[in-house]
There are 2 protein chains.
Amino acid sequence: MARIDEVAKAAGVSISTVSYALSGKRPVSTGTRQRIEDAVQKLGYQANAGARMLAGNRTQIFALTEPFRADTHAPTHMAFVLGASIAARRVGYDILLLTDAEASAGMQRVASSGLVDGIIVLDVAPDDDRVALARSIDIPTVFIGIPDEHAGLLCVDFDFEGAVELAFDKLIAAGHERIGMLGHPEHAYEVSNFPPRARDAFLGRLDAESTERIFVPIETTARAALDALLSAGVTGIILQTTQEAHAEVTQELAERGLRVPDDISLISVGATFDVDSFDTPLDAIPLVPQPSCDRAVELIMQLLEDRALPAGIHLIDPIYTERGSVSHARVL
Amino acid sequence: MARIDEVAKAAGVSISTVSYALSGKRPVSTGTRQRIEDAVQKLGYQANAGARMLAGNRTQIFALTEPFRADTHAPTHMAFVLGASIAARRVGYDILLLTDAEASAGMQRVASSGLVDGIIVLDVAPDDDRVALARSIDIPTVFIGIPDEHAGLLCVDFDFEGAVELAFDKLIAAGHERIGMLGHPEHAYEVSNFPPRARDAFLGRLDAESTERIFVPIETTARAALDALLSAGVTGIILQTTQEAHAEVTQELAERGLRVPDDISLISVGATFDVDSFDTPLDAIPLVPQPSCDRAVELIMQLLEDRALPAGIHLIDPIYTERGSVSHARVL
DNA sequence: TTGTAGGCGTTATCAA
DNA sequence: TTGATAACGCCTACAA
């Protein structure tokens, strides 16, 4: 808990020189800088957070708002929190958590008390409360996810559409003519934003190819959904669904004696879980949290510097990983 | 972003009167208070966080340190984070997240920069790095969980021993003479703190009763573990294990035509998941996060006021919930 | 019951 | 390249 004046005395310089040496906002001679750094080291100096906020007009804190919804997938969510935390620390920022009732109300509070320099919005619902709040708040706010009414907002999200297109292209290139998608359980298409985006991208593509629309969400079991796909004569399947469904599908195919990729080709799209954990290695275009979090932080930092950055949606590029679940030869 | 002097002017009083009216640290006449509150309302005044920290010597922030370990059970973990956040907000505090590498290193940083008033330590490992740090830090720190070397630390945890005793008593009172415990997968007894505590409490009790030690961790499947228990002639089982194992056990019993509680009595101990979700309603002594979080915050607040509170372990009382999975009559 | 004023530890402006 | 020093916005003795 040493103060800056103690460091200054120990280094034999003025307070302001210490401040500038540490912030790097003014050139300081090498010798002086060295003495200051030594003093900082010896005294274990850490700038007082409150004083720095008050004088510097920067808190070095981002708020992370995340309502813990009933349908939130905990492991995925944790991965995003971790990703945000890592991204923030990289630029010298800490994360302040706004959960539960405070997920919305807290945004107002931390913004107008100047507790945080920016806000990252997680676990975004289509009709999210926080959309209205974000518009009325005067500090940089970035959504990770895309709410329905996103005009004027800054959003970052995985490019689900692009990922589906990419998977589709791969299957087409492998010679598949009947391609299906096994989707999430029905209700996910109402409470979340990305399942319908993936589905629509897929259907749109089928329509463009004038092919039958073979999209099957999970109604009862993944097994039944798989049945529906197979009886429609599908040879290439895009899995845009839960971890459990992934497991069921690979297992069921094995039990039926259907080989991957010889009989059926599979590509997983948008998975947040570890696709390597199944018996069958799967080609995948996973949803990795870190790039989205990095981009969100990057945008806030730009806003903090420039004060000029157009609202809009920033999509994170899908990345394809091959593991041999797509046939390279032409399928019958 | 109105300031206190604007509020003072609007209310026609001095700055200090506004401050006192809002903090309640000095009596303020009803009329004056009313005018001040109106002004606050009208201007949307929120005290500046940095200024308040600097002048008030209180940041109104707790750090929550949580390394995201590979074996961390995400839903449980989220429940604790939420619980801590709720407990903190009740006393006007926010939560600053310290994850990953910062879970340890960050403690030092936020303590010596005066960014937080106290630290809550989550996801405690038996040989936790943060134990040494906690000892060297001069702000209130409370562990939720009990590390091996806990001398001199303040810890809060669910009373697993007491919970096991309670479950045991219930089964004894119901007339069971052969009681078994189905534990966690083997490895959990090395990386976590509470599984061994529950196991040892159980074995100790059996020894006291001079009964055969019937404790079975999960080696391969819960089914196999259940087999071992049944073939040992057990009629009462304490489930101190995972959600999956709970599900397997109830399902397996049903498939074997064994009725609960007529043939077998079950009590779930220390579950963090929803015990109501199984086909068979289970008597349970669950591990509920909120009371632990509340107690942790309470302890920090006391430390912040008194500056005198002995180190030690604070156990949270187990609560038994009856749902009819324990026979009330004497078993054969 | 209310007001005055010093101080909290930095940052950043203005001088030198 | 470095030093004084005035903010920053609030809290809280001390006075009245």
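What's counted below: heavy atoms across the whole structure, side chains too, no hydrogens, waters or symmetry copies. Letters go in sequence order (proteins before strands), and every chain restarts at 1.
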Atom CG of B/Leu22 and atom P of C/dT2 are separated, to the nearest Å, by 14 Å
Does the D/dT2 base have a donor-acceptor partner in the side chain of A/Arg26 within less than 3.5 Å? yes
What verdict does the salt bridge (Lys or Arg N to Asp or Glu O under 4.0 Å) test give for A/Arg3 and A/Glu6, after you've listed the backbone C-alpha separation in whole Å, the side-chain angles of each residue and the deciding distance to 0.1 Å? CA-CA 5 Å; A/Arg3 286 158 314 173; A/Glu6 307 185 44; 3.4 Å; yes
Enumerate all atom pairs, one protein N or O and one N or O from nucleotides 9-11 of chain D, separated by less than 3.5 Å.
residue: D/dC10; atom: OP1; partner: B/Tyr45; partner atom: OH; Å: 2.9
residue: D/dC10; atom: OP1; partner: B/Asn48; partner atom: N; Å: 3.2
residue: D/dC10; atom: OP2; partner: B/Ile4; partner atom: N; Å: 2.6
residue: D/dC11; atom: OP1; partner: B/Arg52; partner atom: NH1; Å: 3.4
residue: D/dC11; atom: OP2; partner: B/Ser19; partner atom: OG; Å: 2.9

Can a donor-acceptor pair under 3.5 Å be found between the side-chain atoms of A/Tyr20 and the base atoms of D/dA4? no
Is there a side-chain contact between A/Thr17 and the phosphate of D/dG3, meaning an N or O under 4.0 Å from OP1 or OP2? yes
Test your reading of the model: is there a side-chain donor-acceptor pair from B/Gln46 to the backbone of A/Ser112, 3.5 Å cut-off? no
How long is the line joining CD of A/Gln60 and C1' of C/dT10, in whole Å? 13 Å
How are the rings of B/Tyr93 and B/Phe62 set to each other: parallel, tilted or perpendicular (split at 30° and 60°)? parallel
Side-chain H-bond candidate by donor/acceptor type, A/Ser29 with A/Thr32, under 3.5 Å: yes
Any carboxylate oxygen within less than 4.0 angstrom of a Lys/Arg side-chain nitrogen, looking at B/Arg69 and B/Asp71? no
Global bending angle along the helix from C/dT1-D/dA16 to C/dA16-D/dT1, which compares the axes of five pairs at either end, to 10 degrees: 30°
Do A/Asn48 side-chain atoms and A/Gly50 backbone N/O form a donor-acceptor pair below 3.5 Å? yes
By nearest heavy atom, map A/Asn57 and B/Val28 onto DNA chain C; which one lands nearer the 5' end? B/Val28
Apply side chain to side chain contact (heavy atoms under 4.5 Å, CB included) to B/Val110 and B/Leu96, showing your working. CA-CA 9 Å; B/Val110 299; B/Leu96 189 98; 3.8 Å; yes
Using the salt bridge (Lys or Arg N to Asp or Glu O under 4.0 Å) rule, take B/Asp94 and A/Arg109 through it: C-alpha gap first, then chi angles, then the decisive distance, then the call. CA-CA 11 Å; B/Asp94 274 301; A/Arg109 185 171 56 79; 2.7 Å; yes
